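Read through the structure below, which is laid out as structure tokens, and then see the notes.
Every number for a ligand or one of its atoms is a count from 1 in the order of the listing. No experiment lies behind these values; they were computed from the predicted model shown.
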Amino acid sequence: MNFPDLGEFRFVRKILEGAHPLNNEPPAHRSWLNVGDDCAIFDGWLATKDLSVENTHFRLDWSSPEQAVEKHIVSNVSDVSSMGGRPKIALFGLCVNKNWSEETRNRIAKAVAQGFERRGITLIGGDTVSGDVGMFSTTLLGTTDGEISLLRSDAKPGDHVFVAGTLGKSDAGLWILMNHPEEANRFPRLVEYHLAPKICEDAGAQLVKQGVRGACMDISDGLSSETNHLALSSGVSIEIDEQKLPIDPDVLEMCEYFGLSPLQFALNGGEEYELLFTSNLTKSIYLEGAPKMGEIHDIGLVSCGNGVYLKGQDGVKALLNAQAWSHL
Ligand SMILES: Nc1ncnc2c1ncn2[C@@H]1O[C@H](COP(=O)(O)OP(=O)(O)OP(=O)(O)O)[C@@H](O)[C@H]1O
Ligand SMILES: Cc1ncc(C[n+]2csc(CCOP(=O)(O)O)c2C)c(N)n1
Ligand SMILES: [Mg+2]
């Protein structure tokens, strides 16, 4: 009797077609770190997991299937990057929405296969189910080049606080899609960034190479929330200078157009996926040695104490509370 050629098995074969080969290099070292950072570390492997749920993280009337998959992969890769690592191995879980067409399913399979393969990530397994809503779930393993990983707990008094890239893009793109979809063509960069963010995916590894030994995490929930995570994990106080925030120029233009406050997008906008880090090195060092990283901005200082403060344009300091997206 032949094994039946069921649709689910055919679909899984599509995802695995052309998969990056497994290479049996172990991590160069064997460190361990429990839950609480962007990745855990076991036996030298960085390990993270991010889920993307249809209508919560993506909508297929806003995104192409390729954009939704790409954003999902970036959300995982940025967690590995923020630890100073490079992604190597993935397990992929898929819940196929029962109402997706065959074309949508096939485009998702291809985007998953290519998205991992292009990054040199080997897909070693996963699971495929169907349900009332679509969902992607990736468990991603990575390694660092040497023994150093960047943790949330390593900010030290005297460090400067840096962000890679500009702030507010993704949340501004989301605001347009939710409130003025008819104006999406006016700010295509913001909308595209929200739907499929493009980041420097080896930024963390490059920072380690440049000698950065401070705290690091990716901006997935928003700067106000992530700075509070760093301050709490490191047992320090952080002061951010409003004047130094690198608000994206398109966000400034969009806020002027719609009469909104750009500061809200810069401080509380999530899904940015670029890095927030601290270091006692000066900015020029990164720029000389890490040309691929793009712009890095010095936005504040770490000191003894606790809590996060925002120094306003008028020089007055106020407590900066975490105002992030919360699923519950
Ligand atoms: N359901 C869960 N079971 C076990 N650990 C969890 C669970 N949800 C979150 N964690 C852990 O809690 C910590 C904080 O999780 P959080 O999701 O805020 O981090 P993150 O992945 O950097 O954020 P984001 O999901 O916005 O990218 C991480 O170490 C994560 O592994
Ligand atoms: C359709 C749709 N509606 C709303 C949002 C906004 N959103 C969803 S989850 C999240 C925070 C990060 O998630 P997590 O903490 O799970 O990583 C944000 C800002 C979206 N992307 N798509
Ligand atoms: Mg993270």
| atom 19 (O) of ligand 1: which of R152, H327, M217 has the nearest heavy atom? | R152
| query | Side chains of S279 and D159: do they bring a donor and an acceptor to under 3.5 Å? | reply | no
| Heavy atom of H327 under 4.0 Å from ligand 2? | yes
| To which protein heavy atom is atom 15 (O) of ligand 2 closest, and what is the distance rounded to 0.1 Å? | D221 OD1, 3.3 Å
| request: Scan side-chain atoms only and decide if S52 and H72 contain a donor-acceptor pair under the 3.5 Å cut-off. | output: yes
| Is the side chain of T278 donor-acceptor paired with the backbone N or O of G214 at a distance under 3.5 Å, no angle test? | no
| query | Heavy-atom contacts under 4.0 Å between D221 and ligand 1: side chain, backbone, both, or neither? | reply | side chain
| At what distance is the nearest protein heavy atom to atom 19 (C) of ligand 2, and which residue and atom is it? | E271 OE1, 3.4 Å
| field | Pair W175-Q264, side-chain donor/acceptor within less than 3.5 Å | value | no
| task | Could you check K88, K209, R86 and say which one makes a salt bridge (Lys or Arg N to Asp or Glu O under 4.0 Å) with D145? | result | R86
| Distance from atom 5 (C) of ligand 2 to nearest protein heavy atom, with residue and atom | T56 O, 3.3 Å
| Any heavy atom of G36 sitting closer than 4.0 Å to ligand 1? | yes
| message | Quick check: W62 and ligand 2, any N/O pair under 3.5 Å apart? | response | no
| query | Less than 3.5 Å between some nitrogen or oxygen of T48 and one of ligand 1, yes or no? | reply | no
| query | Looking only at atom types and distance, does a side-chain atom of D132 sit under 3.5 Å from a main-chain N or O of N97, one as donor and one as acceptor? | reply | no
| query | Is the closest heavy atom of E54 to ligand 2 under 4.0 Å? | reply | no
| task | Determine, using ring centers only, whether F162 and H297 are less than 6.0 Å apart. | result | no
| task | Report yes or no: does S75 have a heavy atom closer than 4.0 Å to ligand 2? | result | no
